[in-house]
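To find a chain, count down the sequence lines: A is the first, B the second, and so on, and within it residues start at 1.
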Number of protein chains: 2
Amino acid sequence: MGRMSALDRKSVLLDAAAAVIARDGVAAASTRAITAEAGMSLASFHYVFPSRDALLAEVIERTLDREFREQSLVAESGLSVEERVYRGFCASLGLLAERPEVELSMFELMHYALRTPGLESLARRQYERYWEAAERIVVETGVRWDRPTYEIAQVVVAMNDGIALAWLATRDTEAALRMAAVATASICGMAVPA
Amino acid sequence: MGRMSALDRKSVLLDAAAAVIARDGVAAASTRAITAEAGMSLASFHYVFPSRDALLAEVIERTLDREFREQSLVAESGLSVEERVYRGFCASLGLLAERPEVELSMFELMHYALRTPGLESLARRQYERYWEAAERIVVETGVRWDRPTYEIAQVVVAMNDGIALAWLATRDTEAALRMAAVATASICGMAVPA
DNA sequence: TGCGGAGTGGGACGATCGTCCCACTCCGCT
DNA sequence: AGCGGAGTGGGACGATCGTCCCACTCCGCA
């Protein structure tokens, strides 16, 4: 590994860690596995990060932040609310089917944070960011709702997570799509007709 | 540790493993930690189980089986469907608040199975048992539904999981109760009025 | 009352873990 | 051109992991 600034190295290590975690799980993301994935020596790790947990904390922030960024309720004009919400769930399912390991590692990271002393607050904060990101999407729809948008957002997140977990465990796409349809109806039941 | 049959020992070890996993997580459930919890020597472990993974597989079956056994939609007469479904979600939330570690370990075990070669099918099978158990409860309500009961059950499980995950991450009980209310309305929207 | 085998304890193996240390290299500045 | 410090590599530390082995105990049956 050639020379590079500590900042670049940090970024490379974070990417490598995310890759290892997605491929082999959090438990397999040892300092050695991460540096090997990044193609650098073991010493470089502690030159940039004080500890493995410090890196994992940053991985959690970075990974979970990227999660919802890729998603947005398709705001094509001419589509009904139901159509847009349903497409949103389907898009989420598409991402899931495309890269199951990534979504699985998302859950793992959350649980790792919940288990690790000093990182519990990180889990809480990240989940609240989930909610905020979802709320932003809910607001973007322009639909009027019969209750606060953040409540809608929380329900969307919960249903999305529940469906994702079910699919990860069973790989039953039909069931997931059915659940998405029910979730859509449930969400849209809270929309106030224009 | 005195003498006991291999079968008793197996049971004691399984209980000890479940306790360690609930308290400290799957990653901390080493053979040493488990045998120490059970108060027996390390050698006894491999006298009963061929490997750590073999024990964990049995822990998964045992633990997840117990999960839904404790739950049932309160079938008190004179209560509306909405009331019963909502109470069911609340009962689930009560269990969650009472022993968060147990529910957290449930998720962890599921993810461990999904990550471990040879145990993926176990995860799938266990989740399908989840569905079956939930369906049994749904059928017990005696309510008529506008679609197959197993579809209702799958939605119930997904919503329950989604709400549980949100609560574990944020410990926001108010939000969880709100989501339970929305989930209830969603479920009951699929009930056919008598 | 022996005796065989099921059950038990403690130690040891090699592998891997997170972390640390120190000698070395090489870029950027004077 | 030389020099200081940021950046790098490889090896080593103690701890812990899963698994194994062997000497030992003691119950149940002949």
*Nearest-Å distance for atom pair CD1/P, residues Ile34(A) and dG18(C)*: 8 Å
*N/O (side chain, His46(A)) to phosphate O (OP1/OP2, dT19(C)) under 4.0 Å*: yes
*asked:* Once ring-ring contact (aromatic ring centres under 6.0 Å, His included) is applied, do any residues pair with Tyr150(A), and if so which ones, sequence neighbours excluded?
replied: none
_Thr173(B): side-chain hydrogen bond (donor to acceptor under 3.5 Å, both in side chains) partners, not counting sequence neighbours_ = Trp167(B)
*With sequence neighbours left out, which residue pairs that include part of residues 148-168 of chain A fulfil the salt bridge (Lys or Arg N to Asp or Glu O under 4.0 Å) condition?*
Glu151(A)-Arg178(B)
*Looking at dC17(C), dG7(C), dG18(D), which one has an atom nearest to any side-chain atom of Arg9(B)?*
dG7(C)
*Where along residues 48-60 of chain B does a heavy atom come under 4.0 Å from DNA chain C, residue by residue in number order?*
none
*asked:* Any carboxylate oxygen within less than 4.0 angstrom of a Lys/Arg side-chain nitrogen, looking at Asp15(A) and Arg62(A)?
replied: yes
*When the distance from CG of Asp24(B) to P of dT16(D) is rounded to whole Å, what number comes out?*
14 Å
Show which side-chain atoms of residues 184-194 of chain A pair as donor or acceptor with protein atoms under 3.5 Å away, not counting sequence neighbours.
unit_1    : atom_1 : unit_2    : atom_2 : d
Thr184(A) : OG1    : Ala180(A) : O      : 2.7
Ser186(A) : OG     : Ser186(B) : OG     : 3.4

_Once side-chain hydrogen bond (donor to acceptor under 3.5 Å, both in side chains) is applied, do any residues pair with Arg52(A), and if so which ones, sequence neighbours excluded?_
none
*ring-ring contact (aromatic ring centres under 6.0 Å, His included) against Tyr127(B), all qualifying residues, sequence neighbours excluded*: Tyr130(B), Trp131(B)
*Under the side-chain hydrogen bond (donor to acceptor under 3.5 Å, both in side chains) test, residues paired with Arg136(B) that sit two or more places apart*: none
Is there any protein nitrogen or oxygen under 3.5 Å from a nitrogen or oxygen in nucleotides 10-12 of chain D, and what are the pairs?
unit_1  : atom_1 : unit_2   : atom_2 : d
dA12(D) : N6     : Arg32(A) : NH2    : 3.4

_Which residues pass the salt bridge (Lys or Arg N to Asp or Glu O under 4.0 Å) test with Glu101(A), not counting sequence neighbours?_
none
*Give the C-alpha distance, both sets of side-chain angles, the deciding distance and a yes or no for side-chain contact (heavy atoms from CB on, under 4.5 Å) between Phe89(B) and Leu177(B).*
CA-CA 8 Å; Phe89(B) 277 114; Leu177(B) 285 172; over 6 Å; no
*asked:* Taking any heavy-atom pair under 4.0 Å as a contact, classify Thr31(A): base, sugar-phosphate, or nothing.
replied: base
_From CZ of Phe45(A) over to C1' of dG7(D), roughly how many Å is that when rounded to an integer?_
17 Å
*Upstream residue (5' side of DNA chain D) when Ser44(A) and Ser30(B) are each assigned their closest nucleotide*: Ser44(A)
All N/O donor-acceptor pairs, side-chain side in residues 18-32 of chain A, below 3.5 Å, sequence neighbours left out:
unit_1   : atom_1 : unit_2   : atom_2 : d
Arg23(A) : NH2    : Glu37(A) : OE1    : 2.4
Arg23(A) : NH2    : Glu37(A) : OE2    : 3.2
Ser30(A) : OG     : Ala33(A) : N      : 3.1

*Stems where DNA chain D pairs, listed by first number, each of three or more Watson-Crick or G-U pairs under 3.5 Å*: C:1-30 with D:1-30
*Expressed in angstrom and rounded to an integer, what is the separation of Tyr47(B) atom OH from dC21(D) atom C1'?*
15 Å
